Amino acid sequence: MMISVQKAAEIIKNGDVAAFPTETVYGLGADAQNISAVKKTFIVKGRPSDNPLIVHISRVEQVHSLAVEIPPEFFMLAEAFWPGPLTIVLKKQRRVPDIVTGGLKTVAIRMPDHPLALELIELTGPLTAPSANPSGKPSPTQAEHADLDYSGKIGVLDGGPTQIGIESTVLDLSSGRPEILRPGAVTAGMIENIINKKVTEATGRNSTHLKSPGTRYTHYKPDASVQWLDKVPVRYDPEIYYILHSGPSPGKERNIHSYQNNFEGLARDLYDHFRTADHLGYRRIYVEKLPVADTNPLIKAIANRVGKAAGSES
Ligand code: TXA
Ligand code: MG
C-alpha cells in the first residue's frame, strides 16, 4: 500500500514500521528509540536478531545522541559523503537499545541522500532501517518491490526507483583502524583521500564475521540460482537469464541484458533483474564475470552482491 510522507511518519510514531526510499535501496523504517517497534522490524523481515540495524539520521549533530568517542575522521567523512551511501560504525551511546545493535557495543549510522527519507526523519527522529526485503532476498529498488514483498501489508512511501541500487558502504570507525565491512558506492580509495589514513577491506568470512554479524547470513538471493559466467557465449540458452556487461547490444530478447560497461546502470538494475527473472520463471541467472575492480568504483560492490547471491564470498 502506497502512503504519503505524513502517513509514514504517523505510522512510525505510533510504533509500527513503514518502507521508505533512499538513494541505495528501500528501507524498512522504525523509531530507533522504540524497542517494540524495532522488534517488529526483525519479525516482519524474518531477520536473525544478532544482525544489527543501521540508524538513519537527517542531521549530522544527531550522531551525538547515538555515539560516543567520535573520531575526527567521522566528521571529515560526513562532510564529504553525507547525505550519501556511506554507513559509519561508531562506539554506541548507552541509550541506544541493544536490539538495534544486535547486542554489539557499536552502532551503524548513515544519512541517506533522498529528499523523502530526509523529510521523514525530520518528522520522526532517527530511524532504524534494514533493506525492506524479507531476510535473504534481494533488496527493493522500487516501491512496488517492497509492496509485493509484504503483499501490500506494509505502508510504502513511493520515491521512485532508487538511484544507486545497491546498499551503502559500511565503514567501521570504532577502532583506530578504519575497515570496510561491506563494499558500496563509496570506495576505500575515496575514503582514504578524505581521512589520509589507510583503509582496509574485510574480505571473506573470518574477518567480517565478528564485527558485522550480518555477513554470516545468505543475502540478495533470488529464487533462481545465480552463477558467474566466464565469457559471453556464442549461443544463448533461452532458458537462462543473462546479465552481461560487455555482451552484444541488447536486442528484444527478454532474457539477455547487456550493460556495455555502464556499471552505474548495472548496479541500479541488478536486483530488479533478479526479481524479473524470478517473475518470468527462469531457474538460472548467469552474470558475466566483471573486470578488475580498479576500472570502476562500483565493480567491487556489484561483485560482492552477485557473489553472495551465487552463494560464494567474492
Ligand atoms: O544502503 C543501505 O545501507 C540500506 C538502506 C535502507 O539504508 N540499508 C541496509 O541495511 O542495507 P541492512 O540491514 O540490510 O544491512 C546493514 C548492514 C548489515 O550487514 C549489518 O550487519 C551491518 O550493516 N551493521 C549494522 N550495524 C552494525 C554494527 N554495529 N557493526 C557492524 N556492522 C553493522
Ligand atoms: Mg539487507
Side-chain angles (χ1 to χ4, degrees), residues 17-30 32 38 41-42 44-58 66-67 81-93 96-114 116-118 120-121 126-141 145-146 149 156-157 159 162-175 178-186 202 207-221 267 271 301 304-305 308-309:
V17 298
F20 66 95
T22 79
E23 80 283 27
T24 57
V25 300
Y26 276 73
L28 189 61
V38 178
T41 314
F42 284 91
V44 166
K45 268 187 69 95
R47 180 175 176 113
S49 61
D50 67 349
N51 189 2
L53 303 176
I54 297 170
V55 180
H56 295 65
I57 61 177
S58 52
L66 300 166
F81 298 111
W82 280 4
L86 176 66
T87 294
I88 303 178
V89 175
L90 299 171
K91 289 197 180 123
K92 85 171 189 80
Q93 276 265 12
V96 177
D98 279 340
I99 180 135
V100 170
T101 65
L104 294 177
K105 295 277 174 267
T106 56
V107 58
I109 305 167
R110 96 172 184 100
M111 189 192 291
D113 188 13
H114 195 293
L116 284 177
L118 295 171
L120 178 64
I121 300 165
L127 294 180
T128 51
S131 49
N133 51 281
S135 197
K137 292 291 163 195
S139 301
T141 54
H145 294 165
D149 277 351
V156 181
L157 173 55
T162 58
Q163 286 289 309
I164 295 177
I166 52 180
E167 306 78 2
S168 62
T169 303
V170 178
L171 174 73
D172 183 11
L173 274 190
S174 69
S175 74
E179 183 176 30
I180 289 183
L181 304 178
R182 177 177 74 181
V186 175
S207 45
T208 48
H209 277 186
L210 283 175
K211 281 190 191 148
S212 194
T215 54
R216 210 168 20 223
Y217 303 105
T218 59
H219 280 300
Y220 323 119
K221 270 192 198 296
Y271 295 144
N304 170 269
R305 303 313 190 272
K308 298 210 173 203

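Whatever order the structure lists ligands and atoms in, that order sets their numbers, starting from 1. Residue numbers run from 1 in the order of the sequence given. Since this is a predicted model, take the numbers as computed values, not measurements.
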Roughly how far, to the nearest 0.5 Å, is the [atom2] atom of [Y] from the [atom1] atom of [X]?
{"X": "H114", "Y": "I164", "atom1": "NE2", "atom2": "CD1", "value": "11.0 Å"}
{"X": "I54", "Y": "L127", "atom1": "CD1", "atom2": "CG", "value": "12.5 Å"}
{"X": "L53", "Y": "T41", "atom1": "CG", "atom2": "OG1", "value": "6.0 Å"}

### Query
Which protein N, O or S atoms lie under 2.8 Å from the Mg ion (ligand 2)?
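Those protein N, O or S atoms (cut-off: under 2.8 Å from the Mg ion (ligand 2)) are S131 OG.
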### Message
Run the salt bridge (charged side-chain N to carboxylate O under 4.0 Å, His left out) test against K45 and tell me which residues pass, sequence neighbours left out.
### Response
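K45: no salt bridge (charged side-chain N to carboxylate O under 4.0 Å, His left out) contacts found.
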Please work out, at 4.0 Å between heavy atoms, whether the side chain, the backbone, both, or neither of [X] comes within that distance of ligand 1.
{"X": "T106", "value": "both"}
{"X": "S131", "value": "both"}
{"X": "D172", "value": "neither"}

Closer than 4.0 angstrom: is that true for some heavy atom of [X] and an atom of ligand 1?
{"X": "V25", "answer": "yes"}
{"X": "P112", "answer": "no"}
{"X": "H219", "answer": "no"}

Can you tell me if [X] uses its side chain to pair, donor with acceptor, with the backbone of [Y] under 3.5 Å?
{"X": "R182", "Y": "A301", "result": "no"}
{"X": "S174", "Y": "T106", "result": "no"}
{"X": "Y26", "Y": "G159", "result": "yes"}
{"X": "R47", "Y": "N51", "result": "yes"}
{"X": "T141", "Y": "T162", "result": "no"}

Atom indices of ligand 1 within 4.0 angstrom of [X] heavy atoms, with elements:
{"X": "P130", "result": "10 (O), 12 (P), 13 (O)"}
{"X": "G27", "result": "6 (C)"}
{"X": "L104", "result": "28 (C), 29 (N), 30 (N)"}
{"X": "S168", "result": "1 (O), 2 (C), 3 (O)"}
{"X": "T24", "result": "1 (O), 2 (C), 4 (C), 5 (C)"}
{"X": "A108", "result": "25 (C), 26 (N), 27 (C), 29 (N)"}
{"X": "A129", "result": "6 (C), 8 (N), 10 (O)"}
{"X": "L181", "result": "31 (C), 32 (N)"}

### S168 and T87 side chains, donor-acceptor separation under 3.5 Å
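Side chains of T87 and S168: pair found under 3.5 Å.
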### Task
Would you kindly say whether E167 and S139 are connected by a side-chain donor-acceptor distance under 3.5 Å?
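S139 and E167 do have a side-chain donor-acceptor pair below 3.5 Å.
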Would [X] count as being in polar contact with ligand 1, using the rule that some N or O on each side must be under 3.5 angstrom apart?
{"X": "N51", "result": "yes"}
{"X": "H56", "result": "yes"}
{"X": "E167", "result": "no"}

### Query
Under the side chain to side chain donor-acceptor pair (under 3.5 Å) criterion, do R110 and T24 qualify, and how do the steps go?
CA-CA 12 Å; R110 96 172 184 100; T24 57; 3.1 Å; yes
### Qualifying residue, where the test is side-chain contact (heavy atoms from CB on, under 4.5 Å) with L66 and the options are V100, V96, L90, T101
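Single pass found, and it is V96.
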### Task
Taking atom CD of E23 as the centre, report whether more than 12 heavy atoms of other residues, nucleotides or ligands fall under 6.0 Å from it.
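It does: E23 CD has more than 12 such atoms within range.
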### Closest candidate by heavy atom, reference atom 11 (O) of ligand 1, pool K45, R182, R110
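Comparing heavy atoms across K45, R182, R110, the nearest one to atom 11 (O) of ligand 1 lies in R182.
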### Query
Relative to the ring of Y271, is the ring of Y220 parallel (under 30°), tilted (30 to 60°) or perpendicular (over 60°)?
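Rings of Y220 and Y271: parallel, under 30°.
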